[in-house]
Amino acid sequence: MHPAQLPVKLLLCDCDEQRTRRGGPGGQHRNKTETAIVLTHRPTGVSGQASERRSQAENRRVAIVRLRLNLALALRIPVAESRATADVWRRRVRNQRINVSGEHDDFPAVLAEALDFLEATELDVPAAARRLGVSASQLLRLIRSEPAAWTWLTRKRLERSLPPLK
């Protein structure tokens, strides 16, 4: 299972949490308290951080979302030819359409699944889409919704001398 697909409690068991002070909006309260949160996933070294809120709890929530997204972008899990899609993917796909927005808690897990299948099919978008049970346009729409994922796909295609996608 991809770490971005883990429930938050299990994911946090593998993370170090650091609280710090950061500058920025929020006035004196912000500068006197350690409201910034940095979460680091020990097995991979991938981190997520947040400091823009005055509340430590809100920054922690945002840092978790960013950590999961960074894990989805940075870590590829090999996909066997016979592997079925993950539960989170199946819950989010109906009639060959991906039903998840960038703000939803499931987004990092769904994105990780899509990128893993793209890697497994040598970045062949139609082949990955078939294995994922969606249309190629739906898969590309998901990837385009996260600029860092689109950059990853474009860079990987160029590394393999494949034409960039439009």
- Are Arg76 and Trp152 in a cation-pi contact, defined as NZ or CZ under 6.0 Å from the six-membered ring centre and within 45° of the axis? yes
- Minimum heavy-atom distance between Pro3 and Leu11, given as atom pair plus value: O-CD1, 3.8 Å
- Leu39 to Ile64 - nearest heavy-atom pair and separation: CD1-CG1, 3.5 Å
So, [X] and [Y], do they make that salt bridge, N to O below 4.0 Å?
X: Arg60; Y: Glu58; result: no
X: Arg160; Y: Glu119; result: yes
X: Arg141; Y: Glu146; result: no
X: Arg157; Y: Glu122; result: no

- Can you tell me how far CZ of Arg68 sits from CZ of Arg66, rounded to the nearest 0.5 angstrom? 14.5 Å
- Query: Looking at OG of Ser135 and CG of Asn95, how far apart are the two atoms once the value is rounded to the nearest 0.5 Å?
  - Reply: 11.5 Å
- Would you mind listing the cluster partners of Val62? Hydrophobic ones only (ILVMFWY), side-chain contacts under 4.5 Å, chaining allowed. none
- Item | Donor + acceptor pair across side chains of His104, Ser101 (<3.5 Å) | no
- Query: Among side-chain atoms of Gln96 and Gln138, is any donor-acceptor pair under 3.5 angstrom?
  - Reply: no
- Task: Could you tell me which residues satisfy side-chain hydrogen bond (donor to acceptor under 3.5 Å, both in side chains) with Arg155, sequence neighbours excluded, listed by chain and number?
- Result: Glu159
